[in-house]
Amino acid sequence: MSSAKKPVCVIAIGMAGSGKSTFVQRLNAHLHSSSPPAPPYILNLDPAVTNLAYEPNIDIRDTVDYHEVMKQYNLGPNGGILTALNLFTTKFDQVLDLVEKRAENIDYVVIDTPGQIEIFTWSASGAIITDAVASSLPTVIAYIVDTPRAVAPATFMSNMLYACSILYKTKLPFIVVFNKTDVQPHAFALEWMRDFEVFQEALASHQSTTDDDGAPTYMNSLMNSMSLVLDEFYKHLKSVGVSSMTGDGFSDFLQAVEASREEYEREYLPELARVRAQREATLQKQKEDSTARMLADLAVDRTSDPNFAAQDRWNPEEEEDEEDDGGELNIIDRSEDPWPGQYIDLTQPRPSEPTWPRPA
Ligand SMILES: Nc1nc2c(ncn2[C@@H]2O[C@H](COP(=O)(O)OP(=O)(O)OP(=O)(O)O)[C@@H](O)[C@H]2O)c(=O)[nH]1
């Protein structure tokens, strides 16, 4: 299938309370009411959320019980969320299969991520999920910003530095979504992003820029340098203002998504192909090296032991039976089922699995 026919995957990431879930709910409503309606396929990856204002097609909570995970592994809330996400990621191939089956009939796949941003952006599972999705579908990061909280220049800059780290980590098309514009319009943020001198003035007006001797403070110099770094970063992203409460700005957001699809095809896909080709070449080289080493060892064995050739036969009975029993655990697709699917407790050890002794 050509990528032009594939749905676009929107991954909603943002600080706790920035409005990710409300944003996903509003995007869902907007797409349902568009003409023609384009209902998205939604994945909820937050195992700790209690109420969702939308019906996800795949919900991590159907597969992993986060409270059980905390109990079983003796973890706190964040450790529990991270471990639940790790367990779910082991079955992410099933999720991709389900999405792939629906791909022809949907235009958008939307992923809602856990409340604590670092659980997704700084974990192996988050990276695995992002890479897996991005290697099969055009993917865009929607970085949700709590606009009323970002009016303080230092908070705005911290938020943007975090966004910058995600952009450079994922290298995916990136949309900064200034949310809650019903409370605080985002014009100030656009101005700060367009002209770093205006931002530096705003920084200076919020804190003292010189010490008692009249020299610039360390913080002032640091922030000024960082604003220059960010100036470069702003050139690589799109930004829109939305209100997930009123629905304002969602058409602009979808336009930015469409532009991101083109950017994905123009920039991300060729880079992905290059990295894949490089990895395959490295693997091929490693395979050839180990085959050459093995053949050299065999040649030495044959010369040192004349009976070696007779023992050097494949005995099928000695082969271990390594059948994959992973079919027991299934991801549930609730698209056609109004009721939650069968609950599977991933934290219970399966009978065939060894129980490891705890370290003393
Ligand atoms: N006024 C206003 N409030 C909003 C908007 N979007 C979200 N909120 C509110 O912001 C709060 C947090 O929203 P959530 O959608 O729960 O945010 P979240 O990022 O998913 O939160 P966690 O997953 O718990 O980190 C809620 O009280 C929402 O009602 C918006 O556009 N305008």
Side-chain angles (χ1 to χ4, degrees), residues 9-33 40 42-62 64-67 69-70 76-85 88 108-123 125-126 129-130 140-152 155-156 158-160 162-163 166 174-190 239-254 256-257:
C9 178
V10 176
I11 305 181
I13 292 177
M15 299 288 177
S18 56
K20 296 177 289 295
S21 303
T22 317
F23 170 80
V24 172
Q25 177 263 327
R26 176 59 67 179
L27 180 60
N28 184 31
H30 185 87
L31 290 169
H32 268 88
S33 59
I42 307 182
L43 273 65
N44 168 44
L45 296 187
D46 188 350
V49 69
T50 39
N51 294 310
L52 279 179
Y54 57 85
E55 277 292 325
N57 298 74
I58 294 178
D59 193 336
I60 187 172
R61 295 173 302 172
D62 285 337
V64 196
D65 182 340
Y66 141 81
H67 292 288
V69 171
M70 277 170 65
N78 285 340
I81 298 174
L82 182 59
T83 307
L85 190 66
F88 185 77
Y108 299 94
V109 175
V110 182
I111 301 184
D112 193 3
T113 57
Q116 302 295 328
I117 188 168
E118 66 278 10
I119 288 178
F120 191 76
T121 55
W122 291 102
S123 67
S125 321
I129 291 174
T130 308
V140 49
I141 304 287
Y143 184 76
I144 318 290
V145 177
D146 187 332
T147 315
R149 293 209 60 205
V151 288
T155 311
F156 179 80
S158 314
N159 216 326
M160 287 298 146
Y162 205 99
I166 298 172
F174 203 92
I175 306 173
V176 178
V177 180
F178 289 103
N179 190 28
K180 311 192 186 181
T181 52
D182 54 305
V183 178
Q184 170 66 56
H186 68 301
F188 75 92
L190 296 183
S239 43
V240 293
V242 302
S243 165
S244 303
M245 211 49 115
T246 64
D248 210 32
F250 274 79
S251 303
D252 295 345
F253 173 73
L254 289 179
V257 170

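Remember, it's a predicted structure, so these values are computed and weren't measured experimentally. Ligands are counted one by one from 1 in listed order, and the atoms in each one are counted from 1 as well.
- The nearest heavy-atom contact from the protein to atom 18 (P) of ligand 1 is K20 N, 3.4 Å.
- Here T155 contributes atom OG1 and M160 contributes atom CE; the two are 11.5 Å apart, rounded to the nearest 0.5 Å.
- Near S244, meaning under 4.0 Å from any of its heavy atoms, are these atoms of ligand 1: 6 (N), 30 (C), 31 (O).
- Y143 places a side-chain N or O within donor-acceptor distance of the main-chain N or O of N159, the cut-off being under 3.5 Å.
- Ranking the protein heavy atoms by distance from atom 11 (C) of ligand 1 puts K180 NZ, 4.1 Å first.
- Of all protein heavy atoms, the one lying nearest to atom 6 (N) of ligand 1 is N179 ND2, 3.2 Å.
- Relative ring orientation between F156 and F178 is described as parallel, the plane-to-plane angle staying below 30° on a 0-90° scale split at 30° and 60°.
- Heavy-atom proximity to A16, at under 4.0 Å, picks out these atoms of ligand 1: 25 (O).
- Close contacts between ligand 1 and G115 involve ligand atoms 22 (P), 23 (O), 25 (O) [criterion: under 4.0 Å to a heavy atom].
- The protein does not reach atom 27 (O) of ligand 1 closely, with no heavy atom under 4.0 angstrom from it.
- Listed by atom number, the atoms of ligand 1 under 4.0 Å from S243 heavy atoms are 31 (O).
- The closest donor-acceptor contact from the side chain of K20 to the backbone of D112 lies at 3.5 Å or more, if one exists at all.
- F250 has its side chain out of reach of S243: every pair of non-hydrogen atoms, C-beta onward, lies at least 4.5 Å apart.
- The main-chain N or O of R26 is never found under 3.5 Å from a side-chain atom of H30 such that the two would form a donor-acceptor pair.
- The closest approach between G17 and ligand 1 falls below 4.0 Å for a heavy atom of the residue.
- Each of the atoms 6 (N), 7 (C), 13 (O), 14 (P), 15 (O), 28 (C) of ligand 1 lies under 4.0 Å from some heavy atom of T22.
- Between the side chain of R61 and the backbone N or O of V49, at least one donor-acceptor pair lies under 3.5 Å.
- Under 4.0 Å from ligand 1, the heavy atoms of D182 that appear belong solely to its side chain.
- In terms of protein heavy-atom proximity, atom 29 (O) of ligand 1 is closest to M245 CE, 3.6 Å.
- Distance remark: protein heavy atom present below 4.0 angstrom from atom 32 (N) of ligand 1.
- Side-chain atoms of T113 come within 3.5 Å of backbone atoms of A12 as a donor-acceptor pair (strictly under, hydrogens ignored).
- Proximity of D146 to M15: side-chain heavy atoms (C-beta onward) are nowhere separated by under 4.5 Å.
- Residue-ligand proximity, V183 to ligand 1, at heavy-atom distances under 4.0 Å covers atoms 1 (N).
- Under the side chain to side chain contact (heavy atoms under 4.5 Å, CB included) test applied with I42, the options L52, N57, V109 reduce to a single match, N57.
- In terms of polar-atom proximity, defined here as any N/O pair under 3.5 Å, G19 does make such a contact with ligand 1.
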